[in-house]
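Okay, structure first, notes after.
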Amino acid sequence: MPELPEIETIRRSLDPLVVGRRIERVRVRRRDLRSPLPPDFEATLSGRRITGTSRRAKYLLLALDDGKQWLVHLGMSGRFLRLAADDASTGSHEHVAVDLDDESRLAFRDPRRFGLMLVVNPGECGLLAGIGPEPLDDADFSGAYLVSLRARTSRVVKEVLMDQRVVAGLGNIYVNEILFLAGIRPTRRMPRLTRLECDALVSATRTILTEAIEHRGSSISDFLDGIGRPGSYQWRRRVYDRAGEACPSCSHAIRSTVVGQRSSFFCPRCQR
DNA sequence: GTAAACCTGGCA
DNA sequence: TGCCAGGTTTAC
């Protein structure tokens, strides 16, 4: 489900509601997430105050008053919801509930359990260590950067953009959209990209992500933000999951194929 | 590099 | 019944 725009949308929706709140109690129903919840998870969170929120790639980070960070990844099907005091719903897959001092609770729900949560020391988390530049905030993500990658890999461009070590936060929906906007087929090999195309990819990445955040993410099957609202970017999708439909630019039928084990969508006329 | 694995739900 | 899904890691 959630890529950079969805996680950023969750962060923005939660920030004003959770910053300053104290964690009163942590209730765990299932520990066997993608990586099991550590035995001291409850103890490290209980009693802490949330001092800020941030995001790195697809990780939501909640800063705690002891200097540690509560790290949340939602995998494919995860939700992270702030529920008001009078909301007794448990959801069918609410694996963790964190009670705050204003009677609200933060609920981690994830049917497929591809998500994970950890409390880490900033800078000591292996999961964050190898992640590439943030496409919206980091000038290191540039045409020159992609040009420098051309010589080091023969992989296809779609796999490269989805590689979190190359650039942070992109997933299958948005890479399809980015490649369409840049006019490049998902199957093009990196060494064959021109300098202009590398520039176009960086520009398209920033455009698509900015648009998607403005529309508060894509709710294609089940994404909700931190207070249960769907996003609306699914209505603005150009190619993702639109096989057979008309290209918004030239009306040619959008085609689908599989690249790197993931469904890919492109316009054979607009993308070369 | 490529494929399979993790897990559940939804849909044809 | 079988296939597909917004992600990531691990194994040939």
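All heavy atoms count here, side chains included; hydrogens, waters and symmetry mates do not. Just so we're on the same page: letters track the sequence lines, and every chain starts at 1.
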> Paired stems touching DNA chain B, three or more consecutive Watson-Crick or G-U pairs with both distances under 3.5 Å?
Replying inline: B:1-6 with C:7-12, B:8-12 with C:1-5
> Nearest-Å distance, CE (A:M76) to P (B:dG10)?
Replying inline: 15 Å
> Distance between the C1' atoms of B:dG10 and C:dT8, in whole angstroms?
Replying inline: 22 Å
> Which residue pairs pass the ring-ring contact (aromatic ring centres under 6.0 Å, His included) test when at least one of the two sits in residues 189-216 of chain A, sequence neighbours left out?
Replying inline: none
>> For the C1' atoms, the ones on B:dG9 and on C:dT9, what distance do you get once it is rounded to whole angstrom?
In response: 23 Å
>> A:D101: which residues meet the salt bridge (charged side-chain N to carboxylate O under 4.0 Å, His left out) condition with it, sequence neighbours left out?
In response: A:R21, A:R49
> What residue pairs, at least two apart or across chains, pass ring-ring contact (aromatic ring centres under 6.0 Å, His included) with a residue in residues 248-272 of chain A?
Replying inline: A:Y240-A:F265
> Are any of the side-chain nitrogens in A:E197 or A:R192 under 4.0 Å away from the carboxylate oxygens of its partner?
Replying inline: no
>> Under the ring-ring contact (aromatic ring centres under 6.0 Å, His included) definition, can you give me all pairs with a residue in residues 108-165 of chain A, not counting sequence neighbours?
In response: none
> Remaining members of A:V258's ILVMFWY cluster at a side-chain heavy-atom cut-off under 4.5 Å?
Replying inline: none
Atom pairs, N/O to N/O, protein against nucleotides 5-9 of chain B, distance under 3.5 Å?
residue: B:dC7; atom: O4'; partner: A:R112; partner atom: O; Å: 3.4
residue: B:dC7; atom: O3'; partner: A:R113; partner atom: NH2; Å: 2.6
residue: B:dC7; atom: O2; partner: A:R112; partner atom: NE; Å: 2.8
residue: B:dC7; atom: N3; partner: A:R112; partner atom: NH2; Å: 3.4
residue: B:dT8; atom: OP1; partner: A:R113; partner atom: NH2; Å: 2.6
residue: B:dG9; atom: OP1; partner: A:H93; partner atom: NE2; Å: 2.9

>> By the ring-ring contact (aromatic ring centres under 6.0 Å, His included) test, which pairs, at least two apart or in different chains, include something from residues 167-202 of chain A?
In response: A:Y174-A:Y233
> A:I131 CD1 to C:dT8 P: how many Å, rounded?
Replying inline: 8 Å
> Excluding sequence neighbours, so at least two apart, what forms ring pair (Phe, Tyr, Trp, His ring centres under 6.0 Å) with A:F80?
Replying inline: A:W70
> Counting any heavy atom closer than 4.0 Å, what does A:Y240 reach on the DNA or RNA strands: base, sugar-phosphate only, or nothing?
Replying inline: sugar-phosphate
> How do A:L127 and A:R262 order along DNA chain C: which one's closest nucleotide is nearer the 5' end?
Replying inline: A:R262
